[in-house]
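Worksheet: the structure to be examined is printed underneath.
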Amino acid sequence: MWALRDRSCDVDEADGEGPCRLHHPLEGCPDGLRRERSRRGGGGRCRNRRRAGIRVSLPEGEGDPQGPGGGVRHGPVDGNRCARRTGRRLTQGGSMRYSELFLPTGREVPSDAELASHQLMIRAGMIRKLTSGIYSYLPMGYRVIRKVEQIVREEMNRAGAQELFMPMVQPAELWQESGRWVHYGRELLRFRDRHEREYCLGPTHEEVITDLVRNEIKTYRQLPRNLYQIQTKFRDEIRPRFGVMRCREFAMKDAYSFDANEAGAEESYRKMFEAYGRIFRRCGLDFRAVEADSGSIGGSYSHEFMVMADSGEDAVVFCTACDYAANLEKAEIAPPEKTPSVDEARLPLEEVHTPGVRTIEEVCAFLSVTPREVVKTLIFNADGKPAAILVRGDHDVNEIKVKNVLGCDELELAMDDMILDVTGSPRGFAGAVGIRARVIADYSLINMTHCVMGANREDYHLKNASPERDFSVSAYADLRVVRAGDPCPRCAAPVRMARGIEVGHVFKLGTKYSRSMRAVYLDAAGKEQTMVMGCYGIGIGRTVAAAIEQSHDDQGIVWPMTLAPYAVIITPVNSNEETLARASESLYQALSARGVEVLLDDRDERAGVKFKDADLIGIPLRITVGPKKLAEGRVELRIRRTGEVRMLPLGEAVDGVSDLIRAELERIGG
RNA sequence: CGGGAUGUGGCCCAGCCUGGUAGGGCACUGCGUUCGGGACGCAGGAGUCGCGCGUUCAAAUCGCGCCAUCCCGACCA
C-alpha cells in the first residue's frame, strides 16, 4: 500500500507538476506537512511524533504553512511559481531525523578514490560503487542529484524546452542509418536479444529523437521545437575513473532543438547557452563557457561549460585581456605575419652525419642548437594515407587540429612500415625534403629558415633547410597545441591556462543527423527542407562532483545552499537530556513548517561524532543546542563555509535561519 | 591494448620474503562508565585469505593460469 503511494509521489515529482500528495510515512513528518496532508484528505499518521514521545509546543504562528512568509523560496529565479510549492518540490520529503536516515558515513578514505570529490562522496554516504564505473546513489547523494535535476528542469522549461523520456535500449538499425554504428567505436555497448537482433545502450539520443521528430513533424508550422530528457546514459569508457566524474553509467540531461533554418538554430543555441549559464550559476559554481571541438557528436561549432578546478581533466585556455576562452583541444593561434626580409635562405642545405640521434633533445645536444631551430616531422596515417606534419621542435602537435585540417575520420601516428615507405628511412630521421607524402606545416614555419630536420636517411639530418627553397609545403595551418603566453587569436594578448571539469556541452549540429536520417519538413512554399538541429548536454552527477571539487575543506563537503541536501542540521549535544531534545524537536517542527529542509540529529551519539558528520556531509547551517546556552534561552548558529558562530535567542532562531537561507539562495540565484 | 600495483570480516591495513593454529584498528551486538569536535572498559558476532590448477605431510604465504580493482599511458564524450 505504501509502496503504491510512494510511487505516485515519485511520479508527481518527476513530471514536475506540483508537490507530491503524500509523503512516505517513514520519512520525516513534521507538522506543516502533516497538516497539509490532512487538508488534502490524505491518510497516514506521523510515527515520528509517536516515537519521539515528546509534546511539541510551537511558537505562535509557526505551525501554519499558509501563513505569511511561510516557506522559503528555493527557486529564486522561478518567481512566478508559488514559493512554498517550489520549496516543496525541491525536497524529497522535506525534513528528516538522522536516526532514521540511511546515511552510512565513514572516517576512512577509500583506497581506490583519488579525487577529493570521489572520497567525500563515499565518506559522506552519497554513493557506493557496484562495479567499475557504475554507482548507486544513496539517499543523501540522490537528494543532491534531484536538486541539480530540478534546477535544470526549471531553466530548461523556462527556455522553452519540453521534457520527454526516451528509451535507453536502442535498435542497431537507427545507428546504422546515422552511420554511427560503425563510427562510434567500442564505447557503444552493443548486445543481442533472444532473437539475435542487435541493440545498443544509448550513450546519447540523437538517433532516437531524430527518428521521433521526423515521424511526427511535417510542417514548418510545427517548428521550432526543443525537447529534452534526463536519462541514464551508458558509455563503455575505456577507463572509468574519479568516481562519478568519469563513469560508464550516468545521468545526463540531453536536449535537442529542431529549427526550420540556420537563423532559428542560432537562436535556439543562444537560448540554451544562456539557460546553461543560469543553471550553473544557480548551482553555485565557478564556471566558464569555452569554445570546444565537437568531437564524435559532430556539427559545426560548440561550447563547453567548464567548472574551474585544478583537478579537472580538461585544459582550458583563456585570454588575459579579452573574453576569448577555449578548450586546449580547440584553442587557436592566429597566423603570424610573413616577415620576408628578416632572414633569406642564404646558407646552403647541408647533410650531417648524426648516428643514432633521433629525438629532438638528442638532435639539439648533438648539433648544439635549440628546439626552436629544429623542425619536427611527424608522419600520420590519415584514413590509410600518409601525411607529413611539420611543427617547430619545441611545439606539440594538436591531433584534433590535424584531423580537422586533413578532414579525415581516423588519424594515428604512422607505423614503422608507412614511415619507411614515405621517407625511405626508419623512424627518427623523417624530414620534409624529398618526402613522398603531402606536407602540411604549422604557421610557426612561415618565418623559419635554416632549420634542422631529418634527412630521410638513417643516421643523417639536414641543416639550413628552408621552406620553398628546399621543400614544398602544400598548406600552412594552425596545427600545434597552444601554450601559456601564446598570443590570443582575437586580440593578441597573452593567454593563460587553467584546468576545468566539463559539466555541459552545447552543439550546433546543423543538418548532420537530419540529412542522414531525413528529418525534413515542408516550408510555406510547399518545398521540402531539412531541419537544422542542435543538441545540449549536462552531466548531472558530474555537476554534483564538480561542486564538491570546488567547494570542500579538510572536514568535508561545503554545499552551496542551492544544492545542499538539507539547509540546516539541528544538533542537540546530548540527546539524553530531555530539555535539549525538546528544544531541538521544537525547532525542527517550526523550521519544517516554514518549508525549510532540516535534518535533526537525534542520534544517541557524542557531540563530537555529530559535529564531524555534520561537517562531512556539508550541511550549510548548523544549530547547536547545548545546555549552557539553552539555559540562557539561546542556541548557536554555525555557518559551515566560514565557521562563523552566531548566538540566537531561541525565539528568533527560526526567523534568523530562514532569513539566512533566503539571503543565501538569493545571492546564488541572483 | 601496453606498463605498473593491489586483491586477507562492512571499511583501512598487517601477516607473504623465510610454508605449520588467520591478526590489529574502525564499524557492529550486549552490559557498564562517559557525554561540546570521531570516548573508555568488559564480553561477543562476523573472514570461501579474488578464483582455479599445481608443488608439499602441510599453502593467505611458493609456482602457473585466470578474474577483478586501481594508477600511468594509448584512447575518448
Side-chain angles (χ1 to χ4, degrees), chain A residues 104-115 118-119 122-125 128-134 180 183-189 202-206 233-243 245-250 252-254 292-299 302 304-306 313-314 327 329-330 399-400 403 410-413 415 501-507 535-539 541-542 554-556 571-577 580-581 601 603-617 622-630 635-636 638 640 643 645:
Chain A
T105 57
R107 195 191 327 223
E108 312 272 4
V109 176
S111 59
D112 57 358
E114 287 259 303
L115 283 192
H118 187 193
Q119 296 173 354
I122 292 169
R123 288 223 290 135
R128 287 293 182 265
K129 183 169 74 180
L130 179 62
T131 183
S132 176
I134 299 181
R180 289 206 293 181
H183 284 121
Y184 208 94
R186 278 87 51 217
E187 216 173 297
L188 186 64
L189 182 66
T204 173
H205 282 70
E206 281 83 8
K233 309 288 189 201
F234 195 95
R235 295 182 186 175
D236 200 356
E237 292 279 346
I238 296 172
R239 192 177 149 208
R241 58 187 126 172
F242 306 142
M245 198 75 90
R246 185 168 212 80
C247 52
R248 297 194 293 170
E249 185 180 306
F250 58 99
M252 178 169 161
K253 187 284 302 177
D254 48 322
D293 185 74
S294 46
S296 72
I297 300 281
S302 76
E304 290 168 330
F305 285 76
M306 293 284 191
E313 286 191 273
D314 290 285
N327 191 310
E329 296 176 345
K330 168 81 178 177
E399 289 195 26
I400 290 172
K403 199 171 169 179
E410 297 286 333
L411 182 78
E412 56 178 15
L413 277 170
M415 295 289 127
I501 299 164
E502 181 191 355
V503 290
H505 202 156
V506 292
F507 297 85
C535 78
Y536 318 92
I538 290 178
R542 191 182 278 189
D554 55 357
Q555 290 300 306
T571 307
V573 296
N574 183 340
S575 296
N576 295 324
E577 268 187 54
L580 299 188
D601 195 346
R603 294 176 301 168
D604 183 15
E605 288 286 357
R606 299 165 64 84
V609 173
K610 295 184 181 185
F611 294 153
K612 288 288 185 189
D613 276 332
D615 286 351
L616 176 61
I617 63 180
R622 186 182 82 203
I623 298 176
T624 312
V625 184
K628 287 197 217 76
K629 301 290 169 9
L630 189 62
V635 292
E636 229 173 77
R638 185 170 183 276
R640 174 69 179 90
V645 174

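Keep in mind that this is a model prediction, so the values were computed, not measured.
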C1' gap between B:A74 and B:C1, integer Å: 8 Å
Rounded distance in Å between the C1' positions of B:G45 and B:G10: 13 Å
Side chain of A:R239 (C-beta onward), nearest among B:U69, B:G36, B:C72: B:C72
Non-hydrogen side-chain atoms of A:I617 and A:T105 separated by less than 4.5 Å: yes
Verdict with reasoning, A:K610 to A:S575, per side-chain hydrogen bond (donor to acceptor under 3.5 Å, both in side chains): CA-CA 11 Å; A:K610 295 184 181 185; A:S575 296; 2.8 Å; yes
Pairwise C1' distance for B:G23 and B:C16, with rounding to whole Å: 14 Å
Short N/O separations, protein against nucleotides 47-52 of chain B, under 3.5 angstrom:
none

Rounded distance [0.5 Å steps], CZ in A:R180 versus CG in A:L188: 8.5 Å
Spacing between A:M306 atom CE and B:A77 atom C1', to the nearest angstrom: 11 Å
Nucleotides 4-14 of chain B: protein proximity per nucleotide (B base, S sugar-phosphate only, - neither; heavy atom, under 4.0 Å): -------SSS-
Gap in Å between the two P atoms, one belonging to B:G9 and one to B:G50, rounded: 8 Å
Integer-rounded Å distance: B:C75 P and A:R235 CZ: 19 Å
Pairwise side-chain contact, A:I623 with A:T571, heavy-atom cut-off 4.5 Å (strictly under): no
Distance between C1' atoms of B:C67 and B:C51 (Å, rounded): 7 Å
Contacts of type salt bridge (charged side-chain N to carboxylate O under 4.0 Å, His left out), residue A:R603, not counting sequence neighbours: A:D601, A:D613
Identified pairing partner of B:C1, criterion: Watson-Crick or G-U wobble below 3.5 Å: B:G73
C1' atoms of B:U21 and B:G15, separation to the nearest Å: 14 Å
Residue A:R542, side-chain atoms from C-beta onward, closest of B:A74, B:C35, B:A77: B:A77
For B:C35, the Watson-Crick or wobble partner whose two distances fall under 3.5 Å: none
Strand partner of B:C64, provided both Watson-Crick or wobble distances fall under 3.5 Å: B:G52
Atom pair CZ/CD of A:R622 and A:E636 - distance to nearest 0.5 Å: 7.0 Å
Interatomic distance where CD belongs to A:E313 and C1' belongs to B:C76 [whole Å]: 10 Å
For the student: nearest non-hydrogen atoms of A:D112 and A:H118, plus distance: O-CE1, 3.9 Å
Interatomic distance, A:D236 CG vs B:C1 P [rounded to whole Å]: 12 Å
B:G30 to B:A59 separation - C1' atoms, rounded to the nearest Å: 38 Å
Donor-acceptor pair between A:K629 and A:T624 side chains, under 3.5 angstrom: no
Integer-rounded Å distance: B:A74 C1' and A:E237 CD: 14 Å
Nucleotide opposite B:C57 in a Watson-Crick or G-U pair, distances under 3.5 Å: B:G20
Under 4.0 Å protein heavy-atom contact, by nucleotide of nucleotides 37-42 of chain B - B base, S sugar-phosphate only: BBB---
Proximity to the side chain of A:Y184 - top-ranked nucleotide from B:G73, B:A77, B:C70: B:A77
Straight-line distance of A:K129 NZ to A:T131 OG1, nearest 0.5 Å: 7.5 Å
B:A43 pairs with, by Watson-Crick or G-U criteria that keep both distances under 3.5 Å: B:U29
Same-atom distance (P) from B:A14 to B:U56, integer angstrom: 32 Å
Residue of the set A:R542, A:E304, A:E313 for which side-chain contact (heavy atoms from CB on, under 4.5 Å) holds with A:I501: A:R542
Partner nucleotide of B:A14 by Watson-Crick or wobble geometry (both distances under 3.5 Å): none
Partners passing salt bridge (charged side-chain N to carboxylate O under 4.0 Å, His left out) against A:E237 (at least two apart in sequence or in another chain): A:R246
Between P of B:U34 and CG of A:N574, the distance in whole Å: 12 Å
Sugar-phosphate only, base, or nothing, as touched by A:E577 at under 4.0 Å among non-hydrogen atoms: nothing
Polar side-chain atom of A:K612 near backbone of A:R107 as donor-acceptor pair, under 3.5 Å: no
Sugar-phosphate only, base, or nothing, as touched by A:R246 at under 4.0 Å among non-hydrogen atoms: base
Whole-Å gap separating P (B:A77) and NE2 (A:H505): 10 Å
Heavy-atom side-chain proximity of A:E249 to A:R235 below 4.5 angstrom: no
Below 4.0 Å: OP1/OP2 of B:G36 and any side-chain N or O of A:T624: no
Value in whole Å for how far the P atom of B:C35 lies from NZ of A:K628: 12 Å
By salt bridge (charged side-chain N to carboxylate O under 4.0 Å, His left out) - contacts of A:R640 (at least two apart): A:D553, A:D615
Sugar-phosphate, base or nothing in reach of A:P627, heavy atoms under 4.0 Å: base
